[in-house]
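Atoms within each ligand, like the ligands themselves, are counted from 1 in listed order.
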Amino acid sequence: MVRTADIVIIGAGIIGSATAYELAKLGIKNIVVLEKSYVSSGSTGRCGAGVRQQWGLEFNAILAKKSVEIFETLTDELMMDIEFRQGGYLVLAHDEIQVNQFRKNIALQNRLGIPSRFVSKEESVEICPPINTDAFVSATYCPTDGHANPFLTNFAYQRGAERLGVKFYRNTEVIGIEKSGEKIVSVKTDRGDISTQVILNAAGPWSAEVAQMLNLEIPTKPDRHQILITEPLAPVFETMVISFQTGIYVQQVPHGSFILGISEIEESSHNIKSSWQFLEHITHILLEILPFMRDVRIVRQWAGSYVKTPDAAPILGEHPEQPGFFMAVGFSGHGFMLAPMTARVTAQIIAGVKPDLDISPLFIERFKMDKLIIEPSVVG
Ligand SMILES: Cc1cc2nc3c(=O)[nH]c(=O)nc-3n(C[C@H](O)[C@H](O)[C@H](O)COP(=O)(O)OP(=O)(O)OC[C@H]3O[C@@H](n4cnc5c(N)ncnc54)[C@H](O)[C@@H]3O)c2cc1C
């Protein structure tokens with residue numbers, strides 16, 4: 001293992017790997033990524049990997065749109081098929097309050113060049129033939145939304161970064177961070193120390209623990225989210241079906257299986273055990289929307305963490321109290337879809353290059369200044 005690095009990235013989820021790649025593309029040398037388990041072992045390898053641009057806040061919509069533009073190029077650029085498919089997102093509205101919110105969302109998205117629109121119940125059936133039209137009052141659809149394979153995307157970024165000289169060390173846990181005066185001087189791992197003055201905290205569910213190594217409190221907390229996969233069927237629909245009201249999302253992946261999850265009320269913890277209560281809950285909601293799935297067999301269920309901040313938006317940028325300590329954490333249920341552009345601007349900020357997008361609204365200072373970013377259209 002190398003003993004000095006210009007930048008140490010803690011965590012090889014999609015954020016750590018993609019940022020490593022973007023930093024290397026900027027010509028930064030001596031980048032090390034430390035991963036306590038295997039690449040994608042955190043939230044990334046457990047996620048639904050949906051990619052949507054149908055947001056209610058301008059900032060999120062831009063970040064998502066720019067990420068989609070990058071997703072569209074990744075298979076070629078990284079020389080690995082990430083299984084990115086743009087089958088769209090069908091977003092269900094269940095009452096007039098939601099319809100009004102979606103009206104505002106669509107106006108905003110269209111102004112930004114996102115091709116979303118309201119669809120009638122008839123058109124919803126064309127997009128998703130088995131949908132129960134009694135289960136919603138209206139819907140919106142964006143054909144360029146989609147999903148990708150989270151493992152392949154992360155591995156593609158990792159290998160792309162390695163080709164540019166980045167070193168990934170798996171089974172290597174960061175257990176401390178040393179300072180001399182105000183300056184970071186090294187990270188301590190269970191395989192020895194690495195001298196460095198610059199760290200990116202991309203530790204996902206463990207990001208608060210990593211910050212604590214510098215006696216810093218950051219407001220990120222992991223919440224269990226459960227998800228399941230069914231047996232594969234012949235193609236039924238390409239779109240992701242999602243409802244913010246019930247918190248359910250369902251998609252059919254290229255292999256033919258359906259992947260679906262739903263929000264539940266959770267205590268913040270690192271618990272990622274599966275429960276039968278989830279199966280019972282999701283089944284009820286699912287069958288209201290897609291009754292044909294009654295006889296589809298479930299193959300496996302699992303869980304992972306949404307990493308929550310007080311406003312469910314990520315924390316990016318350098319910590320104001322610790323020079324050299326950068327953060328890209330707290331992505332809640334949307335860190336995969338926002339990763340490509342987030343990684344690009346995070347790399348630019350670390351490299352001291354003017355970022356392509358002003359991400360200052362996402363700096364940690366917003367919590368002290370009470371400038372929270374409240375997004376109306378999220379799966380909580
Ligand atoms: C069930 C579920 C469904 C989801 N669905 C979607 C979706 O459809 N679309 C979407 O955009 N997002 C979705 N998400 C959210 C998405 O998974 C995350 O936002 C994203 O993966 C965050 O990536 P990350 O790199 O920040 O974190 P992670 O993937 O968790 O990576 C962090 C890594 O840091 C490592 N690490 C932590 N501490 C240390 C340490 N001390 N030393 C070394 N390594 C360390 C961990 O082992 C881990 O591998 C979903 C999440 C879940 C749980």
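Here the CG atom belonging to D193 is positioned 11.5 Å from the CD1 atom belonging to I177, to the nearest 0.5 angstrom. Atom CD of residue E83 and atom OG1 of residue T75 lie 9.0 Å apart, to the nearest 0.5 angstrom.
Short contacts between ligand 1 and P205, defined as distances under 4.0 Å to a heavy atom of the residue, involve ligand atoms 30 (O). Taking a cut-off of under 4.0 Å to the non-hydrogen atoms of G11, the atoms of ligand 1 that pass are 33 (C), 34 (O), 35 (C). Against a heavy-atom cut-off of under 4.0 Å, M337 is close to the following atoms of ligand 1: 9 (N), 10 (C), 11 (O). Each of the following atoms of ligand 1 lies closer than 4.0 Å to a heavy atom of S41: 47 (O), 49 (O). Atom numbering of ligand 1 starts at 1 in the shown order; those under 4.0 Å from a heavy atom of R46 are 1 (C), 2 (C). Per-residue contacts place F331 under 4.0 angstrom from the following atoms of ligand 1 (heavy atoms of the residue considered): 19 (O). Near T172, meaning under 4.0 Å from any of its heavy atoms, are these atoms of ligand 1: 43 (C).
Annotation: atom 10 (C) of ligand 1 to nearest protein heavy atom, G333 O, 3.3 Å. Among all protein heavy atoms, the one lying closest to atom 43 (C) of ligand 1 is K36 N, 3.2 Å. The shortest contact between atom 24 (P) of ligand 1 and any protein heavy atom is with I15 CG1, 3.7 Å. With respect to atom 32 (C) of ligand 1, the closest heavy atom belonging to the protein is A202 O, 3.4 Å. Closest to atom 52 (C) of ligand 1 among all protein heavy atoms lies Y306 CE1, 3.5 Å. Among protein heavy atoms, atom 31 (O) of ligand 1 sits closest to G13 CA, 3.4 Å. Nearest non-hydrogen protein atom to atom 27 (O) of ligand 1 is G204 CA, 3.7 Å. Given atom 9 (N) of ligand 1, the protein heavy atom at minimum distance is G50 O, 3.0 Å.
The shortest N or O to N or O distance between H225 and ligand 1 is not under 3.5 Å. Close N/O approach between S43 and ligand 1 is found [any backbone or side-chain N/O within under 3.5 Å]. Any N or O atom pair closer than 3.5 Å counts here, and M240 shares no such pair with ligand 1. For the pair V210 and ligand 1, the shortest N or O to N or O distance does not fall below 3.5 Å.
Residue-level proximity to ligand 1 for E35 is carried by backbone and side chain together, each with a heavy atom below 4.0 angstrom. Contacts between S332 and ligand 1 below 4.0 angstrom, taking non-hydrogen atoms only, involve the backbone exclusively. With a 4.0 Å cut-off on non-hydrogen atoms, A49 touches ligand 1 through its backbone and not its side chain. The side chain of I227, and not its backbone, has at least one atom closer than 4.0 Å to an atom of ligand 1 (non-hydrogen atoms only; side chain from C-beta on). For W206, every heavy-atom contact with ligand 1 shorter than 4.0 Å involves the side chain, none the backbone. At a heavy-atom cutoff of 4.0 Å, ligand 1 is contacted by the backbone of S305 but not by its side chain.
For H225 and Y306, the ring centers sit closer than 6.0 Å to each other. The distance between the ring centers of F168 and Y38 does not fall below 6.0 angstrom.
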| said: Does L214 form a side-chain contact (heavy atoms from CB on, under 4.5 Å) with F325? I'd like the steps, not just the answer. | reply: CA-CA 9 Å; L214 286 159; F325 186 63; 3.4 Å; yes
| task | I would like to know whether E321 and K368 meet salt bridge (charged side-chain N to carboxylate O under 4.0 Å, His left out); could you show each step before the answer? | result | CA-CA 13 Å; E321 290 159 33; K368 274 198 181 142; 3.5 Å; yes
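Residue H147 comes nearest to Q252 through the heavy atom pair NE2-O, 3.5 Å, listed as atom of the first residue, atom of the second, then distance.
Residue contacts with ligand 1 include Y249, since one of its heavy atoms falls under 4.0 Å from the ligand.
No side-chain donor-acceptor contact under 3.5 Å links E288 and N132. In this structure, a donor-acceptor pair under 3.5 Å is absent between the side chains of S269 and N271. A side-chain N or O of T220 and one of S207 form a donor-acceptor pair less than 3.5 Å apart.
Put simply, the residue from F151, F84, F71, Y157 that forms a ring-ring contact (aromatic ring centres under 6.0 Å, His included) with F336 is F71. Partner C142 forms a side-chain contact (heavy atoms from CB on, under 4.5 Å) with one of M240, Q53, K65 and no other, that one being Q53.
Ion pairing between a basic and an acidic side chain is recognised when a charged N comes within 4.0 Å of a carboxylate O; E35 and R170 show no such pairing.
Q251 places no side-chain N or O within 3.5 Å of a backbone atom of V241 that could act as its donor or acceptor partner.
F237 and F292 have perpendicular rings, their planes meeting at more than 60° on a 0 to 90° scale where under 30° would count as parallel.
Scanning V8, T189, I10 for the heavy atom closest to atom 40 (C) of ligand 1 points to I10.
K273 forms no cation-pi arrangement with W302, by the criterion of a distance under 6.0 Å to the ring centre and an angle within 45° of the ring axis.
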